[in-house]
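Questions regarding the structure given below will be posed in turn.
Here the structure is a predicted model, which means the values were calculated and not measured. Residue numbers run from 1 in the order of the sequence given.
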Amino acid sequence: MNKFNNKTYSYNIVPITFDDKKNVKEFLTNFFFRQEPLIVCLKLFEDVNSLEKLKNYGFRTLDNGLTLKAVSPNGDLIGVISNEILSRDSEEHNNYSDDSSCQDDSVKFKKFMTLFKKVEQESDVFKMHPTLNRVMDIKIVAVDEAFRGQGVCKALFDKTKELALEKKCSMLRVECSSYFSGNAAKKLGFQCEYSLRYREYKNEKGELVFDPPSPHEYFKVYTLLIDK
């Protein structure tokens, strides 16, 4: 139970269903894509083609049975966490290994995919942790603004941890492009394993690729080892 507007407020964390997909996509558009600092700084909502490609890329995990939602007692969607399992024994355990994504002709979308590929290569948890075999990779976390500060994010992370153990994963991993998401992960006990300063990330011409406003200065990868 949580306190919200001086009233006792409760919510449930459950897997999304096929019928939820449309609402989940709309929710993530409003409470993740419209607020993500790199999307905002590139004004991606003015580039419909690149935005749709990035959204479709983000939505690709919604069918794997690992996405959870937070719902109010009357059934309102108030939070979503999208997850994916990475395995050492899979030839494609990395998320951005398909070079065709980086060859896309949508310039702004390509900027994102190039960044993601760089982060993937430089923060490979299987190289950092030689005994690690399976990881639950948290792809997107979003909470309705009206319900932030009510423990929804923590509840989504906790339920994902339970799901990870059920799926025999021994680590949670999350990429944080925002200061606030990184700070939330840190408060939940995650450790920063990789950090890229936006001011130091430049293209072949020496130009900044992303210049988000303060306090968003770094792209970080956080991990949390979990007990069985």
Side-chain angles (χ1 to χ4, degrees), residues 1-41 44-45 51 54-84 112 136-164 172-192 212-224 226:
M1 305 291 281
N2 292 268
K3 291 290 186 179
F4 180 69
N5 289 342
N6 298 319
K7 295 181 180 180
T8 300
Y9 188 81
S10 64
Y11 47 81
N12 293 318
I13 309 295
V14 295
I16 69 167
T17 66
F18 177 82
D19 292 337
D20 290 324
K21 283 182 60 178
K22 181 179 179 181
N23 287 339
V24 167
K25 288 180 178 181
E26 291 177 354
F27 183 90
L28 292 178
T29 296
N30 290 328
F31 297 108
F32 178 78
F33 288 98
R34 288 188 182 277
Q35 301 176 14
E36 199 281 327
L38 301 187
I39 292 175
V40 172
C41 80
L44 209 65
F45 271 81
L51 178 63
L54 187 62
K55 286 168 62 177
N56 288 334
Y57 183 81
F59 295 154
R60 78 194 190 285
T61 59
L62 297 184
D63 293 321
N64 65 12
L66 302 174
T67 297
L68 306 171
K69 64 178 180 177
V71 292
S72 67
N74 62 3
D76 290 337
L77 181 61
I78 62 174
V80 172
I81 188 165
S82 176
N83 305 299
E84 186 174 34
F112 279 92
M136 183 71 78
D137 197 25
I138 299 170
K139 307 308 299 178
I140 299 178
V141 185
V143 177
D144 186 322
E145 289 178 337
F147 297 92
R148 292 175 187 172
Q150 309 304 314
V152 179
C153 182
K154 182 179 185 303
L156 289 167
F157 270 83
D158 287 346
K159 199 67 175 179
T160 292
K161 181 178 178 180
E162 292 180 17
L163 182 61
L172 298 180
R173 176 185 183 275
V174 59
E175 295 179 355
C176 299
S177 58
S178 154
Y179 167 82
F180 301 115
S181 60
N183 198 42
K186 186 176 180 180
K187 287 181 178 179
L188 292 172
F190 283 67
Q191 301 296 314
C192 181
S214 179
H216 310 293
E217 297 182 15
Y218 295 89
F219 191 112
K220 295 185 177 183
V221 176
Y222 286 83
T223 63
L224 177 68
I226 53 180

Check against side chain to side chain contact (heavy atoms under 4.5 Å, CB included), I81 and K159: CA-CA 10 Å; I81 188 165; K159 199 67 175 179; over 6 Å; no
NZ on K187 to NZ on K154, rounded to 0.5 Å: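 Result: 13.0 Å between the selected atoms.
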Under the side chain to side chain donor-acceptor pair (under 3.5 Å) rule, what do S72 and N74 come out as? Steps first, then yes or no, please. CA-CA 5 Å; S72 67; N74 62 3; 2.3 Å; yes
Of all the heavy-atom pairs spanning N83 and T61, show the shortest one and how long it is.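 The answer is O-CB, 3.9 Å.
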What do you reckon, are the aromatic ring centroids of F190 and F157 less than 6.0 Å apart?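 Yes, the ring of F190 comes within the 6.0 Å limit of the ring of F157, centre to centre.
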Measure the shortest side-chain to side-chain distance between I140 and V80 over non-hydrogen atoms and say whether it is less than 4.5 angstrom.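 Counting from C-beta outward, I140 and V80 never come under 4.5 Å.
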Whether H216 side chain and Y179 backbone form a donor-acceptor pair below 3.5 Å: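 Yes; judged by distance alone, with no hydrogens or angles, the pair exists.
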Hey, could you give me the CG/CD distance between N30 and E145, rounded to the nearest 0.5 Å?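 Taking CG in N30 and CD in E145, the distance rounds to 9.5 Å.
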Closest approach of Q150 to Y11 (non-hydrogen atoms, all atoms of both residues):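 Nearest pair, atom of Q150 first, then Y11: O-OH, 3.2 Å.
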Would you say F59 has more than 12 foreign heavy atoms packed within less than 6.0 Å of its CZ?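 Atom CZ in F59 is packed in, count exceeds 12.
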First locate atom CG of L44, then atom CG of L54, and finally report the distance between them rounded to the nearest 0.5 Å.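 Output value for this atom pair is 6.0 Å.
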Heavy-atom closest contact (A142 atom, F32 atom, distance):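 Nearest heavy atoms, A142 then F32: CB-CB, 4.1 Å.
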Do side-chain atoms of D158 reach the backbone of A155 as a donor and acceptor pair under 3.5 angstrom?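 Checking the backbone N and O of A155 against the side chain of D158, no donor-acceptor pair under 3.5 Å is found.
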Between F31 and V143, does the side chain to side chain contact (heavy atoms under 4.5 Å, CB included) criterion hold? Intermediate values first, please. CA-CA 7 Å; F31 297 108; V143 177; over 6 Å; no
How many angstroms lie between atom OG1 of T160 and atom CD1 of I226, to the nearest 0.5 angstrom?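 CD1 of I226 is found 10.0 Å from OG1 of T160.
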Contact summary for K220 and C192, nearest pair of heavy atoms: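 Shortest heavy-atom separation between K220 and C192 comes out as CD-SG, 3.9 Å.
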With rounding to the nearest 0.5 angstrom, report the NZ to CG distance, K69 to D76.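 Between atom NZ of K69 and atom CG of D76 there are 10.5 Å.
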Evaluate the side chain to side chain contact (heavy atoms under 4.5 Å, CB included) criterion for residues V141 and S181: first the C-alpha distance (whole Å), next the side-chain angles of each, then the deciding distance (0.1 Å), finally the verdict. CA-CA 8 Å; V141 185; S181 60; over 6 Å; no
Under 3.5 Å: donor-acceptor pair, side chain of R173, backbone of V221: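 Not confirmed, R173 side chain does not pair with V221 backbone.
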At their closest point, which heavy atom of P215 faces which heavy atom of F180, and how far apart are they?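 In terms of heavy atoms, the two residues are closest at CG-CZ, 4.0 Å.
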Is there a side-chain contact between K55 and K25 in this structure, where contact means two heavy atoms from C-beta onward sitting under 4.5 Å apart?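 They are not in side-chain contact.
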Verdict with supporting geometry, Q35 and V40, side chain to side chain contact (heavy atoms under 4.5 Å, CB included): CA-CA 7 Å; Q35 301 176 14; V40 172; 5.8 Å; no
Drop me the distance from Y222's OH to Q191's CD, to the nearest 0.5 angstrom.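 If we round to the nearest 0.5 Å, Y222:OH and Q191:CD are 9.0 Å apart.
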If you compare all heavy atoms of T67 against all heavy atoms of S82, which two are closest, and at what distance to 0.1 Å?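 Shortest heavy-atom contact: OG1-OG, 3.5 Å.
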